[in-house]
Structure formats: structure tokens, C-alpha cells
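Structure record follows, encoded as C-alpha cells.
Throughout, residue positions are numbered sequentially from 1 according to the sequence presented.
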Amino acid sequence: MSQEPVGLMRRLAHRLLFVAAAPRPAATQIAGTDDRFVITGLLNGKDAASSHALTRVLVDEVGPALAAHKRDWNIDNVTIQRGVPGSRPIVFFFELTRTYGVAAWLCRIAGQAPPPPFHIKLCPLYEAMIELRFAAPPPPGVIAGVRAILDAPEAFDPPVLIGSSLQVRVYDGDATNAVADRVNICFLVRRPPDVTRAACQDYWRHQHAHLALENMQYLRLTRYRQVHTTATPLPGLDDTFDGVVYAEKRSFLRLFLDLLKPNTARFNSTVVVDECHFTDSTPVTLMRRIGHW
């Protein structure tokens with residue numbers, strides 16, 4: 001086949017699969033940053049525990065136990081999110097497009113070198129996320145206390161705790177609907193083996209965030225936030241992930257309807273290619289807030 005038909009087919013595939021980044025207007029600026037210290041607790045229920053039982057433990061036991069220490073542990077607030085029932089098909093879509101086979105194929109169409117091979121588990125790794133905001137980095141005794149509270153319920157496996165001293169508020173939209181209706185597409189960022197944490201987070205914050213802002217008409221988010229894991233974890237914290245993405249949609253129904261639009265899929269493909277610069281094997285979960293203290 002001659003070069004001209006091959007080039008034409010590549011351009012056609014590129015147009016069908018990706019969105020073109022719009023010129024960056026002055027208004028597309030990062031909303032701001034927050035340097036309060038955050039501990040994110042990642043929890044998984046044991047096989048024998050029902051979904052309803054896990055939720056009750058989180059709301060009736062874990063949340064109040066953490067809230068009781070707000071003053072003496074210098075906690076600003078506690079937020080608990082729970083996996084959205086019935087979200088598995090939607091989560092699978094985001095996970096599938098981030099497998100090595102799909103990501104490498106998209107990179108080739110986009111004219112970018114594919115990433116090194118990696119593996120991703122096509123299932124949500126965690127069923128609940130707990131976010132604790134501190135006025136200052138907590139001492140080891142407080143971290144141990146938090147871990148003990150999250151580890152106490154027999155319904156859950158031992159938690160994973162990651163710490164952050166930088167939260168980037170990429171986009172804050174006008175969210176007028178009830179908080180209980182909103183859902184977060186949560187991505188756990190894990191950098192490739194040959195990329196440093198500093199390089200991963202720098203690209204994520206300065207390049208990837210602007211790609212999202214330039215195409216926010218496709219995302220239709222109410223909020224988009226990046227939580228960056230510290231360069232070196234405090235004693236008692238884990239070093240499992242390089243950060244957490246919270247991409248908030250107005251409701252589960254709005255997310256479902258938007259996914260039916262071709263431009264949403266095209267933007268997702270665009271994002272997947274860009275993610276290959278700083279992350280791979282990215283777990284995805286759909287979460288909804290169930291408690292705030």
C-alpha cells in the first residue's frame with residue numbers, strides 16, 4: 001500500500017479516536033492549590049461482608065471514631081466515600097481503555113511511542129476511600145491511631161494509607177445539585193518504573209491538568225482535583241501510589257449519559273495517550289460521598 005493511503009487512513013483514525021486540544025484561553029487556569037496535609041485511607045471489604053453492612057460500619061463506627069479525635073489530632077475534617085452500586089460496567093470501560101494493549105494501540109495511532117508493557121487488574125481494588133485533612137503534618141502517634149481505627153472493623157481488610165501535602169484544585173465548576181448525588185471517578189496514579197515521582201507529578205500537574213482544562217466541554221465535570229503523594233512518606237504511611245484523581249460528575253445518571261456521546265469516548269482516548277507519559281496500571285473506582293464530619 002502506498003504512503004498516501006496509509007497516511008490518509010492514519011489521519012482518519014486519529015480524527016475518529018481523538019479530540020484536538022483547543023487553543024488555551026486565558027480563563028483556563030488551575031483553580032488553586034491546598035497545602036494542608038491529607039491522609040487517604042483505601043479500604044476493601046472482606047468477602048463475607050455485604051455492601052450494606054460495610055456502609056453501616058463506615059458511617060456508624062469508623063466516621064464517628066475518627067471525628068471524636070478531630071480536636072486532639074488536629075484534624076480539619078473527615079470525608080468517607082463508598083463505591084457506587086451498579087457502576088461496574090462504567091468502571092470497566094475506563095479500566096479497559098487503560099490496559100496495555102489498548103493504550104499501546106492508541107499511542108501508535110496518535111504517533112507516539114507505546115509505553116513499556118504493564119499489567120492492570122480489571123476490577124476495582126478498593127471499595128471505600130477515607131480522606132482526613134490535617135492542619136499540619138501529623139506525628140507518627142496520630143498516624144498509628146488512624147490506622148488502628150481503620151483496621152479495627154472485622155468487615156474490612158487492613159487499610160492502605162497514603163499521605164499528601166499538596167492538593168491541586170484543577171477545576172471548580174458551579175455544582176448546584178446535592179452533594180449526595182455527585183459521584184467521583186477516582187484514579188489511583190501509579191508511575192511507570194522508569195519515571196521518578198517528581199517527574200510524574202510535575203507532568204500530571206502542569207501538562208495533563210491543562211489538557212483536561214482545554215477540553216472541559218467534553219468532561220462536563222463539577223470538580224477535578226489532584227492529590228499528590230509526598231516524595232517520602234511519613235512514618236506509618238504507605239508508598240503504594242503517587243496520587244489520587246477525583247473527577248466529580250453531577251450524578252451517576254449524568255456520567256452514564258455523557259459516556260454515550262462519541263466525544264466523551266474520543267476525549268477518554270486522548271487522555272489515555274497522555275497518561276502514558278506519567279502513569280500506567282491505573283486502578284479506577286467510582287465513588288460517592290456517604291459521610292462528612
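- What you find for Asp151 and Pro158 is that their closest heavy atoms are OD1-CA, 3.5 Å.
- Tracing side-chain contacts under 4.5 Å through hydrophobic residues (I, L, V, M, F, W, Y), one never reaches Tyr203 starting from Val195; they form parts of separate clusters.
- In this structure, Thr264 contributes its side chain and Leu260 its backbone to no donor-acceptor pair below 3.5 Å.
- Side chains of Arg266 and Asn215: a donor-acceptor N/O pair is absent below 3.5 angstrom, by distance only.
- Atom-to-atom distance recorded for Glu127:CD and Leu58:CG is 9.5 Å, nearest 0.5 angstrom.
- Using a 4.5 Å cut-off on side-chain heavy atoms (C-beta onward), Ile80 and Trp293 make contact.
- Under the salt bridge (charged side-chain N to carboxylate O under 4.0 Å, His left out) criterion, Glu248 pairs with Arg182, Arg223, not counting sequence neighbours.
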task = Might you work through the side chain to side chain contact (heavy atoms under 4.5 Å, CB included) test for Asp35 and Ser165, ending with a clear yes or no?
result = CA-CA 5 Å; Asp35 58 3; Ser165 56; 6.0 Å; no
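- Looking only at side-chain heavy atoms (C-beta outward), Val273 and Gln112 come within less than 4.5 Å of each other.
- Judged by distance alone, the side chain of Gln167 and the main-chain N or O of Arg36 form a donor-acceptor pair under 3.5 Å.
- A donor-acceptor pair under 3.5 Å links the side-chain atoms of Thr55 to the main chain of Ser51, judged by distance alone.
- Residues Thr279 and His208 have side chains not in contact (no heavy-atom distance under 4.5 Å, counting atoms from C-beta outward).
- For Lys121 (side chain) and Pro283 (main-chain N/O), no donor-acceptor pair under 3.5 Å exists by modelled atom type.
- When every heavy atom of Pro137 is checked against every heavy atom of Leu234, the shortest pair comes out as CB-CD1, 4.2 Å.
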Problem set entry | salt bridge (charged side-chain N to carboxylate O under 4.0 Å, His left out) assessment of Arg197 paired with Asp239 | CA-CA 11 Å; Arg197 174 162 291 171; Asp239 202 32; 2.6 Å; yes
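- Using a cut-off of 4.0 Å between Lys/Arg side-chain N and Asp/Glu carboxylate O, Arg225 and Glu131 are scored as salt-bridged.
- Glu275 and His277 form no side-chain donor-acceptor contact under 3.5 Å, judged by distance and modelled atom types alone.
- A parallel orientation is assigned to the rings of Trp204 and His228, their planes being inclined by less than 30° (bins at 30° and 60°).
- Counted by atom type alone, Asp274 and Gln207 present zero donor-acceptor pairs between their side chains at under 3.5 Å.
- A salt bridge is defined here as a Lys NZ or Arg NE, NH1 or NH2 lying under 4.0 Å from an Asp or Glu carboxylate O, and Arg56 with Asp60 meets this definition.
- In this structure, Asp181 does not pair ionically with Arg289, as no charged nitrogen and carboxylate oxygen lie closer than 4.0 Å.
- With hydrogens and angles disregarded, a donor-acceptor distance shorter than 3.5 Å links the side chain of Thr229 to the backbone of Gly243.
- Expressed to the nearest 0.5 Å, how far CG of Leu42 lies from CE of Met129 amounts to 5.5 Å.
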Checklist entry - Could you walk me through whether Asn184 and Gln81 pass the side chain to side chain donor-acceptor pair (under 3.5 Å) check? => result CA-CA 9 Å; Asn184 270 309; Gln81 295 193 83; 3.0 Å; yes
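- In this structure, the separation between CG on Asp242 and OG1 on Thr196 is 9.5 Å, given to the nearest 0.5 Å.
- Among all heavy-atom pairs drawn from Phe252 and Gly86, the shortest one is CZ-O, 3.9 Å.
- The aromatic rings of Phe241 and Tyr126 sit perpendicular to each other, their planes meeting at more than 60°, with 30° as the lower class boundary.
- In terms of heavy atoms, Ile75 sits closest to Leu66 at CD1-O, 4.1 Å.
- Judged purely by atom type and a 3.5 angstrom limit, Ser251 uses its side chain to pair as donor or acceptor with the backbone of Arg254.
- The closest donor-acceptor contact from the side chain of Thr282 to the backbone of Phe187 lies at 3.5 Å or more, if one exists at all.
- Not a single donor-acceptor pair under 3.5 Å links the side chain of Arg220 to the backbone N or O of Met216.
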*Would you sort out whether Tyr224 and Tyr171 count as a ring pair (Phe, Tyr, Trp, His ring centres under 6.0 Å), showing the intermediate values?*
CA-CA 5 Å; Tyr224 172 38; Tyr171 178 76; 8.5 Å; no
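- Residues Thr79 and His292 bring a donor and an acceptor atom of their side chains to less than 3.5 Å of each other.
- Between Arg190 and Asp280 there is no salt bridge, since none of the side-chain N atoms of the basic residue sits less than 4.0 Å from a carboxylate O of the acidic one.
- Taking the six-membered ring where the residue is Trp, the centroids of His119 and Tyr100 are separated by 6.0 Å or more.
- Contact annotation: the side chain of Thr97 never approaches that of Phe92 to less than 4.5 Å [non-hydrogen atoms, C-beta and beyond].
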(message) Run the side chain to side chain contact (heavy atoms under 4.5 Å, CB included) test on Ile130 and Val146 for me, step by step, so that the C-alpha distance in whole Å, both residues' side-chain angles and the decisive distance to 0.1 Å come before the verdict.
(response) CA-CA 11 Å; Ile130 300 177; Val146 170; over 6 Å; no
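- Between the side chains of Thr222 and Arg250, no donor-acceptor pair of N or O atoms lies under 3.5 Å.
- Taken together through direct or relayed side-chain contacts under 4.5 Å among Ile, Leu, Val, Met, Phe, Trp and Tyr, Ile120 and Val189 form parts of separate hydrophobic clusters.
- Within the 3.5 Å criterion, the main-chain N or O of Phe134 finds no donor-acceptor partner in the side chain of Asn74.
- Met287 and Val183 fall into different hydrophobic clusters, defined by Ile, Leu, Val, Met, Phe, Trp and Tyr side-chain heavy atoms under 4.5 Å apart, directly or through other members.
- Between Ile143 and Pro235 the shortest heavy-atom distance is CD1-O, 3.4 Å.
- Atom OG of Ser164 is separated from atom CG of Leu166 by 6.0 Å, given to the nearest 0.5 angstrom.
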Report task. Step by step, work out the side chain to side chain contact (heavy atoms under 4.5 Å, CB included) result for Val91 and Thr285. Result -> CA-CA 6 Å; Val91 171; Thr285 313; 5.7 Å; no
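- Between the side chain of Ser87 and the backbone N or O of Gly83 there is no donor-acceptor pair closer than 3.5 Å.
- Between Leu286 and Leu255, some side-chain heavy-atom pair lies under the 4.5 Å cut-off.
- Taking all atoms of both residues into account, the shortest heavy-atom contact from Cys107 to Pro115 is SG-CD, 4.0 Å.
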Could you go step by step and tell me if Arg133 and Asp34 meet the salt bridge (charged side-chain N to carboxylate O under 4.0 Å, His left out) rule?
CA-CA 10 Å; Arg133 290 179 173 268; Asp34 185 345; 2.9 Å; yes
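- For Phe118, the CZ atom is densely surrounded, since the number of other residues' heavy atoms within 6.0 Å is greater than 12.
- At a threshold of 4.5 Å between side-chain heavy atoms, the hydrophobic network of Ile, Leu, Val, Met, Phe, Trp and Tyr places Ile39 and Val160 in two separate groups.
- In this structure, Leu125 is a member of the same hydrophobic cluster as Tyr246, with clusters built from ILVMFWY side-chain heavy atoms closer than 4.5 Å.
- Here CG of Leu259 is found 8.0 Å from CG of Asn268. Values are rounded to the nearest 0.5 Å.
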